[in-house]
Asker: 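Before we start, here is the structure in question, set down as C-alpha cells.
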Amino acid sequence: MGKKELKSFFEDYLKKDSLFKNKKALQGNYTPKSVPYREEQIEVLAGILAPALRMEKPSNIFIYGKTGSGKTLCVNHVADNLIKIANEKKIPLKIFYLNCKMKRVADTEYRLVAQMSREFGIEVPATGLPTDEIYKMFVNEIDKERLLLLLILDEIDQLVLKTGDEILYNMTRLNSELKKSELSIIGISNDLVFTDNLDPRVKSSLSEEEVVFPPYDAIQLQKILKQRAKIAFKDGVLGEGVIEKCAAYAAREHGDARRALELLRVSGELVERSNQNKINESFIDKAEEKLERDRILDIVNTQPKQFKLTLYSIFNYTNNGAPIFTGDIYDFYKEACVKTGVKPLTQRRVSDIIAELDMLGIINAKVISKGRYGRTREIGIAIPQSTVPKVVDILKEGLNI
DNA sequence: AGGTATTCACATGAAACTATTCTCTGAGTTAGG
DNA sequence: TAACTCAGAGAATAGTTTCATGTGAATACCTGT
C-alpha cells in the first residue's frame with residue numbers, strides 16, 4: 001500500500017460508520033447490570049454471604065461450573081453489591097478477588113499470601129522470605145483490628161493442581177490464628193470433580209456450602225447474546241439467524257457464553273474490516289476459524305524453546321502415513337537439537353512436553369499399547385491443515401532454522 | 001486351541017539437582033566526630 | 001561509632017535430570033486335547 005493510498009485508507013475508515021455502538025459489551029470483562037438465568041445462584045450466594053453485614057463469618061463456599069457459565073461474573077456481581085452496602089454502613093468488610101491461574105501473581109502459596117498482603121499495603125518481596133514469614137506478616141496486619149475478609153479464589157483447581165492441597169488447609173486454618181478478624185473463602189472451580197481427590201479435612205471445611213452453575217443451553221445463550229448485542233451493535237447490523245448460529249456454536253461447546261460473545265464480536269470486526277455493513281451467518285464461520293487460528297498461533301508463539309523444538313519435530317517428522325510414536329519424535333528431536341546447537345533434553349522430559357502440548361490442544365497424544373512392542377504415545381496433529389504452514393513458519397523463525 | 005507368562009518401550013512418579021532472583025545477617029570497612 | 005559494603009546462608013521458583021516403578025496387550029511358551 002503506497003503512502004497516498006494509506007492516507008486515504010485511514011480517511012475512508014474514519015468516514016465509515018462503525019457497526020459497533022459499544023464494543024465493550026461483548027468483551028470478556030464487561031459486567032452487565034443483570035445476569036440472566038443466574039437469579040437462583042445469585043440469590044443463594046447472597047443468602048450465604050449476607051451474614052457478613054452483621055459481622056458474622058459467612059460459610060466457606062465452593063462454586064462449580066464449566067467455563068463461560070457465569071461463575072466469576074455472578075460472584076463479582078454479588079461481591080460488588082455487598083461491598084457497596086458494607087461501605088455505606090461502615091462495616092469493616094474486605095473482599096479480595098484472586099485468579100489463581102495468573103502466572104506470577106497468585107499461582108503459588110507464597111505469591112497468594114504475598115498478593116493479599118500487598119492489597120493491604122504491606123511491601124512484600126517477590127522472593128527471598130520463608131513462606132511462614134509472610135503468613136505471619138499477613139496475619140499480623142489483618143488482625144490489627146476486627147475485620148471480615150472474603151477471599152475469592154478463582155480457578156482454584158489450577159492452584160491445587162500445581163501446589164497441592166495443603167495450601168487450602170493452611171488457608172482454612174488461618175482462622176484459628178486470627179484473634180479478632182475472620183476469613184471466609186469462596187473457591188471457584190471449572191473442574192466439576194475437583195474436590196474428589198482433595199484431603200477430606202480440607203474438603204469438608206472448604207465446601208460448607210456449594211453452588212453449582214449449570215451450562216447455558218442454546219435458548220438461554222440466545223437471550224444473553226441478544227441482550228448484549230443490543231448494547232454493542234447499532235440497529236439493523238445483525239443479519240437473520242446470526243445470534244442463533246452463535247448460540248448454537250457455543251452450546252455445542254458446553255454452553256460457553258464467553259465464547260459465544262467472542263464469536264459475535266469477532267464476526268463484527270471481520271465485517272467491519274471487509275467494508276460491509278451487515279453481519280450474516282457466513283461471518284460466524286470465519287470468526288470461529290479466526291479465533292481458533294489466533295489461539296493456536298498465540299500458544300505456539302509463547303512456548304519456550306524446548307517446546308518449540310519438540311513441536312517442530314512433530315510437525316516435520318513424517319512417516320508417510322504410518323502412526324508416529326514418542327520414540328520417533330525423540331530421535332528426530334535429538335537431531336534437530338544438534339542442528340540448532342541446543343542441548344537435548346532427556347526422553348523423560350520430552351515425554352512430559354509432549355503430554356503438555358497435548359493438553360494445549362495443538363497435538364493429539366494418546367497413550368496406547370503396542371503389545372509386545374511396548375507402550376507409548378501415538379501422536380497426531382490436532383490443528384487444521386490450513387494453519388500448519390503458518391505454525392511451522394513461526395517455529396522456524398523462533399528456532400533460527 | 002486355550003491359557004498364562006514374558007516382554008517391550010515407553011509412561012508415570014518421586015526426589016534431587018541447577019540456576020536465578022531475592023532477602024537477611026553479620027563481619028569488615030569507611031568516614032566523620 | 002554510626003553508616004555502608006559485601007559475602008555467605010537461605011528461600012522461592014522453574015526447569016530439568018536421575019532413579020525407580022508401572023503397564024497394556026501382542027507374542028512366546030506351555031499344556032492338555
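The chains referred to below are lettered A, B, ... by the order of the sequence lines, with proteins before strands, and numbering in each begins at 1.
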Asker: Atom CD1 of A/Ile329 to atom C1' of B/dA11: distance rounded to whole Å?
Answerer: 16 Å
Asker: Does A/Arg372 make a side-chain donor-acceptor contact with the base of C/dG24, cut-off 3.5 Å?
Answerer: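 Flag unset: no donor-acceptor pair detected.
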Asker: Taking CG from A/Asp358 and P from B/dT12, how many angstroms apart are they, rounded to a whole number?
Answerer: 10 Å
Asker: Please work out if A/Glu133 contacts a base, only the sugar-phosphate, or nothing of the nucleic acid, heavy-atom cut-off 4.0 Å.
Answerer: nothing
Asker: Considering just the side-chain nitrogens and oxygens of A/Thr326, establish if one lies under 4.0 Å of OP1 or OP2 belonging to B/dA11.
Answerer: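 Checking A/Thr326 against B/dA11: at least one side-chain N or O falls below 4.0 Å of OP1 or OP2.
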Asker: Are A/Asp352 and A/Arg348 ion-paired here, with the side-chain N under 4.0 Å from a carboxylate O?
Answerer: yes
Asker: Measure from NZ or CZ of A/Arg38 to the centre of the six-membered ring of A/Tyr216 and say whether it is under 6.0 Å with the direction within 45° of the ring axis.
Answerer: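 Here A/Arg38 passes the 6.0 Å and 45° test against A/Tyr216.
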Asker: Is the distance from OP1 or OP2 of C/dT16 to the nearest side-chain N or O of A/Thr346 less than 4.0 Å?
Answerer: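 For C/dT16, neither OP1 nor OP2 has a side-chain N or O of A/Thr346 closer than 4.0 Å.
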Asker: According to a strict under-4.0 Å criterion, is A/Thr127 in side-chain N/O contact with OP1 or OP2 of B/dT21?
Answerer: no
Asker: OP1 or OP2 of C/dT21 sitting under 4.0 Å from any side-chain N/O of A/Arg348?
Answerer: no
Asker: Can you tell me how far P of C/dG15 sits from CD of A/Glu356, to the nearest Å?
Answerer: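 About 9 Å, once rounded to whole Å.
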Asker: Measure from the side-chain heavy atoms of A/Tyr373 and tell me the nearest of C/dT27, B/dC10, B/dC24.
Answerer: C/dT27
Asker: Can you check the A/Arg104 CZ to C/dG15 C1' distance for me, whole Å?
Answerer: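 Taking atom C1' of C/dG15 as the reference, CZ of A/Arg104 is at 11 Å.
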Asker: So that I know where these two stand, are A/Phe332 and A/Tyr330 an aromatic pair - ring centroids less than 6.0 Å apart?
Answerer: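 No, they do not, as the ring centres are separated by 6.0 Å or more.
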Asker: State whether A/Thr131 places a side-chain N or O below 4.0 Å from either non-bridging phosphate oxygen (OP1 or OP2) of C/dA12.
Answerer: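 A/Thr131 to C/dA12 OP1/OP2: side-chain N or O found under 4.0 Å.
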Asker: Closest approach to the side chain of A/Lys162, judged atom by atom: which nucleotide of C/dA14, C/dG22, B/dC22 is it?
Answerer: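 Ranking C/dA14, C/dG22, B/dC22 by closest atom to the A/Lys162 side chain puts C/dA14 first.
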Asker: Take atom CG of A/Leu345 and atom P of C/dT18, then tell me their distance rounded to the nearest Å.
Answerer: 11 Å
Asker: What about the rings of A/Phe120 and A/Phe96, do their centers lie closer together than 6.0 Å?
Answerer: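 Yes, close enough.
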Asker: Rounded to whole Å, please give me the gap between CD in A/Glu378 and C1' in B/dA9.
Answerer: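 These atoms are roughly 14 Å apart.
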Asker: Map A/Gly128 and A/Arg111 onto DNA chain C by nearest heavy atom, then report which one ends up closer to the 5' terminus.
Answerer: A/Gly128
Asker: Using whole Å, what does the distance between atom C1' of nucleotide B/dC8 and atom CZ of A/Arg377 come to?
Answerer: 17 Å
Asker: Without decimals, in angstroms, what is the distance between A/Lys366 NZ and B/dC10 P?
Answerer: 17 Å
Asker: If only side-chain N and O atoms of A/Ser351 are considered, is one of them under 4.0 Å from the OP1 or OP2 phosphate oxygen of B/dA11?
Answerer: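 Answer yes for this pair, as a side-chain N or O of A/Ser351 is under 4.0 Å from OP1 or OP2.
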Asker: At less than 3.5 Å, do the side-chain atoms of A/Arg349 and the base atoms of C/dT16 form a donor-acceptor pair?
Answerer: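 When only heavy-atom distances are counted, A/Arg349 does not reach the base of C/dT16 through any donor-acceptor pair under 3.5 Å.
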Asker: Could you state the interatomic distance from OG (A/Ser267) to CD (A/Glu272), rounded to the nearest 0.5 Å?
Answerer: 12.0 Å
